[in-house]
Participant: 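Can you keep this structure in mind? I'll have questions shortly.
Only heavy atoms go into these numbers, but all of them, side chains included; no hydrogens, no water, no symmetry mates.
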Amino acid sequence: MIRSIYIKNILNYFIVIIVSLILSFLITSLFFQNQIIKIRETEVINQGKGMINLYENLGDKGFDEYLKSISSLPYEVYLYDQNGLVSKTPNVPKSREFSKKTIRDVIAGDVYRKEVEPLLIGLPFETKNGRYALFIKPNLTEQFSQIRNILLTALFIVLFIGTSLILTTTRFLVKPLVRITHATKELARGNFQIRLNVKNKDEIGQLAQSFNFMAEELDKTEQMRKDFIANVSHELQSPLTAIRGMAIALKDGAVETVEEKHYFELIEQESERLSSLTKQLLNLSILEANKSPFNPKLYLLDRQLRNQLVTMQSLWMEKRLDIDFDIPKLEVYADESLMNQVWTNLYSNAIKYNREDGKISIRGHEQGHHVEIIIRNTGYGIPQKDIPYIFERFYRVEKAHTRTTESYGLGLAVVKRIIDLHNGKIFVNSIEGEETTFRIILGK
Ligand code: ATP
Ligand code: MG
């Protein structure tokens, strides 16, 4: 591919340069030809006048001698009178390019000019012996060929210099492309650390920048994938180890009969934990793969928020939480069942990470074309350093503390994904040891 760009570029150059050279050669020669003809025309007329003078002074014989003496010069000279050819330069045809009528007209007093190559001038004059016509035809071929040679030399020099320059510059142009191709292959082989150091500010530079950005993103994704697998294995491993340990103890009869029931209950709890973890994971992966059915419609958000709260009543009653619910009638355009998951996760966090006799306040209002919901709960709060990460999968603050029966660090990842799907926004704010606030903005 690179080789072909290199060759294509050079071929392009050759086509452009050769066509331009041929055209400029033709145009310039034509231009100079016309210029030369114009200059020579006046010259020839003056020379003709000189010859007429000479003829008047020298007479026929002397003029013949004169014409012989200039026979080596690039001129053809013809002198006519009423009776025909009087004199001409030796070694030229008897008559050329001009008809009897032309000769007659010039003898009668017309000046004849043929201003294209070959240039021909006919001058009338009169002596006491009668009327004459003097034709002069300068031979410009030599002059033209000299000009053509000069032009050709100049054009070949241009071709040579241009070719050397284009060969070098194309190499420079192609070099970063070769490096980008090489880096792309490395990336495809799984080397996500590869970066390009291309300093060009042009399109190639932009391509290199995009490549670096892509490599960074892939690197991040790869890291996330590794972390995810490590986390999933870890999360699956601990309940499985617990179940296995308890099953072995039961099988070996190492458990007293009164304890047996408790062991079976623990096994049941751990299996439930496993089951709910895999369900959450499946849910998240469906959301992340954009495969989840998305059916937004207009519905009453305040009612959904209130119903959800009622559903979870036993949980917040258990902690004797004070609920302050104050939301006016709010319509929203969203997927009701996905939004149910959002409120369940946020409420469950607000309850789980609250203190006994704590407080939860749920507020909402319209703001232009948007709806804003604010859920605030008292409790441990989230340390500032953890805030940027809490929407990541498996991220839990104070791991030991939250390691209750059902806490995987997946809830907020699900929430964020659903809010993103709705083109909404979610913000979190926390005062450590005091309270945490989640602010959700949705389209109406
Ligand atoms: P899961 O929701 O999967 O059962 P989780 O609640 O630990 O597990 P997330 O809901 O993603 O996971 O929350 C991530 C972490 O953020 C929690 O472990 C908790 O430390 C902190 N957090 C979330 N919500 C709150 C809140 N309302 N108040 C205080 N801390 C919170
Ligand atoms: Mg949660």
Participant: What do the steps show when you test E186 against R179 for salt bridge (charged side-chain N to carboxylate O under 4.0 Å, His left out), and what is the final call?
Facilitator: CA-CA 11 Å; E186 276 287 297; R179 279 169 52 199; over 6 Å; no

Participant: If you draw a 6.0 Å radius around NZ in K444, do more than 12 non-hydrogen atoms from other residues or ligands fall strictly inside?
Facilitator: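 For K444, atom NZ is crowded (more than 12 foreign heavy atoms under 6.0 Å).
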
Participant: Is the number of heavy atoms from other residues, nucleotides or ligands within 6.0 Å of CD (Q313) greater than 12?
Facilitator: yes

Participant: Quick one: list whatever passes ring-ring contact (aromatic ring centres under 6.0 Å, His included) with F427, sequence neighbours left out.
Facilitator: none

Participant: For the pair K261 and E265, find out whether any cationic side-chain nitrogen is under 4.0 Å from an anionic carboxylate oxygen.
Facilitator: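 Salt bridge flag = yes for E265 with K261.
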
Participant: Going through the checks in order, is the side-chain contact (heavy atoms from CB on, under 4.5 Å) test met by R320 and E356?
Facilitator: CA-CA 6 Å; R320 292 184 304 280; E356 299 267 320; 3.1 Å; yes

Participant: Could you tell me whether K297 and D335 make a salt bridge, using a distance below 4.0 angstrom between a side-chain N and a carboxylate O?
Facilitator: no

Participant: Salt bridge check, R393 against E288: does any charged N sit closer than 4.0 Å to a carboxylate O?
Facilitator: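 Judged by the 4.0 Å cut-off on N to carboxylate O distance, E288 and R393 do form a salt bridge.
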
Participant: Determine whether more than 12 heavy atoms belonging to other residues, nucleotides or ligands lie under 6.0 Å from atom CZ of F32.
Facilitator: no

Participant: Please identify each residue that fulfils side chain to side chain donor-acceptor pair (under 3.5 Å) with S292, with sequence neighbours left out.
Facilitator: none

Participant: Could you work out, with ring-ring contact (aromatic ring centres under 6.0 Å, His included) as the rule, every residue matching F294, not counting sequence neighbours?
Facilitator: H422

Participant: Under 4.0 Å between a side-chain nitrogen and a carboxylate oxygen: does that hold for E41 and K38?
Facilitator: no

Participant: I'd like to check T344 versus Q308 (side-chain heavy atoms, cut-off strictly below 4.5 Å). Are they in contact?
Facilitator: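 Yes, at least one pair of side-chain atoms sits under 4.5 Å.
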
Participant: So that I can tick it off, tell me whether R148 and E142 are bridged by a salt bridge, with the cut-off set at under 4.0 angstrom between side-chain N and carboxylate O.
Facilitator: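 Between R148 and E142 there is no salt bridge, as every charged N stays at least 4.0 Å from the carboxylate O atoms.
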
Participant: Before accepting this row, confirm whether a basic side-chain N of the pair K220/D227 lies closer than 4.0 Å to the acidic partner's carboxylate O.
Facilitator: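 Here K220 does not pair with D227 in a salt bridge, since their nearest N and O are not under 4.0 Å apart.
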
